[in-house]
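Naming: A, B, ... by sequence-line order, numbering from 1 per chain.
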Number of protein chains: 2
Amino acid sequence: MALMTMETKDPLHIPAGRGIAAELIAVLVAVIGEAPHIMTIRDARALPSGPFESSHRSLQSGLREWVEQQTGHPIGYMEQLYTFADRDRGHEGKSAISISYLGLTREESRADARDSEWRDWYDYFPWEDHRKGTPELFEAVVAPRLKQWADESTSKAARADRWQRAAITFGLDEFAWNEELVLQRYELLYEAGLVTEAERGQKPVLPGRAMLADHRRILATGIARLRAKIKYRPVVFELMPPAFSLLQLQRSVEALAGRLLHKQNFRRLIEQQELVEETGLSSFETGGRPAKLFRFRQAVLAERAAAGTKLPLLRP
Amino acid sequence: MALMTMETKDPLHIPAGRGIAAELIAVLVAVIGEAPHIMTIRDARALPSGPFESSHRSLQSGLREWVEQQTGHPIGYMEQLYTFADRDRGHEGKSAISISYLGLTREESRADARDSEWRDWYDYFPWEDHRKGTPELFEAVVAPRLKQWADESTSKAARADRWQRAAITFGLDEFAWNEELVLQRYELLYEAGLVTEAERGQKPVLPGRAMLADHRRILATGIARLRAKIKYRPVVFELMPPAFSLLQLQRSVEALAGRLLHKQNFRRLIEQQELVEETGLSSFETGGRPAKLFRFRQAVLAERAAAGTKLPLLRP
DNA sequence: GCTATAAATGCTCAAAGTGAGTATTATAGT
DNA sequence: ACTATAATACTCACTTTGAGCATTTATAGC
């Protein structure tokens with residue numbers, strides 16, 4: 001094995017002369033009541049964000065600083081979402097890099113600082129909430145407009161392709177609704193001209209609040225990631241108060257997933273995975289049989305480092 | 001897709017004055033024979049990489065350019081891995097951002113360009129290959145050294161914590177081996193002083209080739225991601241030739257996962273998911289009953305946009 | 001042709017996990 | 001007491017997995 005000395009004196013590459021700008025963007029989530037919310041700034045038209053500067057110790061800490069400064073709100077759990085470059089975004093023709101993060105927090109209704117504001121994320125994506133069944137929007141607007149978009153293609157094959165893509169991502173025809181396809185749906189709607197990334201006068205066909213630049217796309221990425229993650233990691237608990245009833249927990253998951261769950265089976269799942277433990281307390285607030293209050297078993301974070309296998313393994 | 005007008009005139013933030021350097025790094029994977037390989041440069045001590053420059057259209061295309069220039073090898077499937085900032089990495093005190101990608105390709109044994117070279121990834125992580133059972137390394141070095149490391153702690157609780165962490169990530173004691181924890185294992189070994197990120201004189205305790213800067217850590221991230229992904233997305237096929245036998249396919253998955261699979265159940269899985277279709281050809285090369293050759297059913301990419309649910313949903 | 005060897009392929013069976021209920025119990029408000 | 005609202009308990013068919021045995025179809029060497 002060849003030996004060799006450290007790289008501080010021998011960098012792999014000389015950095016490019018001009019340098020580029022880097023921006024940090026946060027999708028900061030909290031569940032308030034039974035609705036999933038995100039932190040916004042600028043009249044609810046932008047996500048909290050700011051430049052990454054050389055004074056920041058790391059990307060994460062840079063983001064934390066910005067978010068706390070802009071929203072007065074500390075972030076609990078954080079994970080990186082995606083990094084993208086956009087030549088058009090930078091100043092003076094410089095290209096810019098945006099690094100987005102997903103953050104989870106408990107809402108603690110402090111006085112909202114500056115122009116920051118919690119907003120129901122379904123304000124931006126009304127078609128993503130299927131808790132009350134498929135929104136009427138689908139039959140009224142989404143399906144016919146996508147059909148129309150598909151039919152605009154010239155070749156028969158292209159029409160079929162477009163329609164199949166639309167049917168799959170929106171759960172039309174025989175396809176089942178898949179709540180994880182948030183980003184694909186947004187991109188398809190954008191491609192079909194049913195939403196506009198940043199408003200510019202013309203009315204969008206679909207309801208739903210727009211955002212500056214590509215923030216709505218980033219939000220879609222965050223929602224998709226979170227909807228996927230709650231299924232195999234105990235991240236919901238980052239959004240719950242210290243003690244909660246199982247129904248509260250279920251309502252939170254439903255809020256995030258945008259669909260209703262089977263109560264008994266949900267409980268069975270939670271219990272058999274030993275995710276929670278009783279606090280001994282009960283809640284009498286809802287008027288019904290009192291609900292036992294539980295807390296998250298922190299130990300599972302250590303015990304189960306990861307999800308289970310899906311490979312058909314051979315004998316141990 | 002229409003370009004946004006919005007933000008060019010009204011950027012969300014004025015970019016920081018100095019700008020920073022951005023580097024693109026690739027974990028480029030191919031399966032050669034029955035061994036997983038990665039593309040390396042610099043005497044197999046670095047991953048292909050290069051600065052992101054304003055001439056690049058996007059991060060992806062910038063990376064493609066660099067990799068093709070350095071290795072003469074085009075990339076098929078690509079996905080982003082992780083972005084990190086390292087103050088010590090930049091030039092002249094500038095901070096630098098590194099954006100890493102995972103790329104999959106079929107090896108086509110062209111004359112290797114420049115100093116690029118395919119390398120078995122287990123050269124860098126010998127403890128990750130469990131296809132021939134748990135490596136002797138574990139009983140001989142890993143377990144005792146980690147025990148020793150745990151025992152260095154002062155408090156009893158800290159010793160127990162350390163040991164439990166080691167046992168979980170390495171599948172010691174009663175815990176099962178989890179092939180996905182590549183990064184966690186590397187980080188723990190680093191913390192325990194059993195590997196050194198870049199060698200500088202002192203011999204590391206464990207065998208395994210080192211790399212420049214933090215490239216070995218990035219490689220660990222890529223392997224972990226790929227091991228997780230093969231379980232729920234048909235990405236293995238990106239690494240297979242156009243026609244292959246089911247055993248070849250199994251051997252490839254085993255190479256990546258570092259564990260052996262149950263043949264009959266593996267086949268059942270592949271077939272019931274309708275991932276492949278017969279080509280009508282057979283392979284007589286192995287000396288045994290000839291194997292039918294299959295090809296990947298491209299259609300599944302369209303049909304199944306995503307993985308299945310795990311939530312206990314309510315009636316449709 | 002016969003035999004050893006190497007796979008491919010077919011089939012079984014129990015255990016565990018899921019989906020979709022019905023039934024019962026405990027409170028608060030009227 | 002009666003009703004509304006939940007919490008909680010239990011059932012049952014069906015599917016998916018893990019593990020293994022058995023059979024079939026080839027090649028290579030004798």
*Asks:* With axes from five pairs an end, tell me the bend angle of the helix from C:dG1-D:dC30 to C:dT30-D:dA1, nearest 10°.
*Replies:* 0°
*Asks:* Taking atom C1' of C:dT9 as reference, at what distance in whole Å does atom CZ of B:Phe294 sit?
*Replies:* 10 Å
*Asks:* State which residues pass side-chain contact (heavy atoms from CB on, under 4.5 Å) with B:Ala176; sequence neighbours excluded, sorted by chain then number.
*Replies:* none
*Asks:* Donor-acceptor pairs under 3.5 Å, side chain of residues 268-277 of chain B to any protein atom, not counting sequence neighbours: which ones?
*Replies:*
from	atom 1	to	atom 2	distance (Å)
B:Arg268	NH2	B:Asn265	OD1	3.4
B:Glu277	OE2	B:Arg295	NH1	3.3

*Asks:* Report the distance from atom CD1 of B:Ile270 to atom P of D:dT17, rounded to the nearest whole Å.
*Replies:* 13 Å
*Asks:* Write out a two-atom table: protein N or O, nucleotide N or O from nucleotides 10-17 of chain C, distance below 3.5 Å.
*Replies:*
from	atom 1	to	atom 2	distance (Å)
C:dG10	O6	B:Gln264	NE2	3.4

*Asks:* Output the rounded distance in Å from CZ (A:Phe266) to P (D:dA6).
*Replies:* 16 Å
*Asks:* Which residue, B:Leu269 or B:His262, contacts DNA chain D at a nucleotide closer to its 5' end, judged by nearest heavy atom?
*Replies:* B:Leu269
*Asks:* Rounded to whole Å, please give me the gap between CG in B:Leu314 and C1' in C:dA20.
*Replies:* 9 Å
*Asks:* In whole angstrom, give the distance that lies between atom CG of A:Leu260 and atom P of D:dA6.
*Replies:* 14 Å
*Asks:* Rounding to a whole Å, what distance do you find between A:Gln250:CD and D:dA7:P?
*Replies:* 9 Å
*Asks:* Output yes when at least one side-chain N/O atom of B:Lys263 is less than 4.0 Å from OP1 or OP2 of C:dA8, else no.
*Replies:* yes
*Asks:* Listed by chain and number, what are the side-chain hydrogen bond (donor to acceptor under 3.5 Å, both in side chains) partners of A:Asp161, not counting sequence neighbours?
*Replies:* none
*Asks:* Using ring pair (Phe, Tyr, Trp, His ring centres under 6.0 Å) as the criterion, list what pairs up with B:Trp127, not counting sequence neighbours.
*Replies:* B:Phe125
*Asks:* What integer distance in Å separates A:Leu261:CG from D:dA6:C1'?
*Replies:* 17 Å
*Asks:* Would you mind reading off the distance between B:Arg267 atom CZ and D:dT17 atom C1', rounded to a whole angstrom?
*Replies:* 18 Å
*Asks:* Please tabulate, one pair per line, all N/O donor-acceptor pairs under 3.5 Å involving side-chain atoms of residues 134-144 of chain B, not counting sequence neighbours.
*Replies:*
none

*Asks:* Is it true that A:Gln184 and A:Tyr186 share a donor-acceptor pair across their side chains at a distance under 3.5 Å?
*Replies:* no
*Asks:* Which is it for A:Gln80 and A:Tyr82 under the side-chain hydrogen bond (donor to acceptor under 3.5 Å, both in side chains) test, yes or no, and what are the steps along the way?
*Replies:* CA-CA 6 Å; A:Gln80 208 178 79; A:Tyr82 203 75; over 6 Å; no
*Asks:* Check residues 29-36 of chain B and write down every donor-acceptor pair under 3.5 Å in which the side-chain atom is one partner and the other belongs to a residue at least two apart or another chain.
*Replies:*
none

*Asks:* Could I get the full list of ring pair (Phe, Tyr, Trp, His ring centres under 6.0 Å) partners for B:Phe237, not counting sequence neighbours?
*Replies:* B:Phe244, B:Phe296
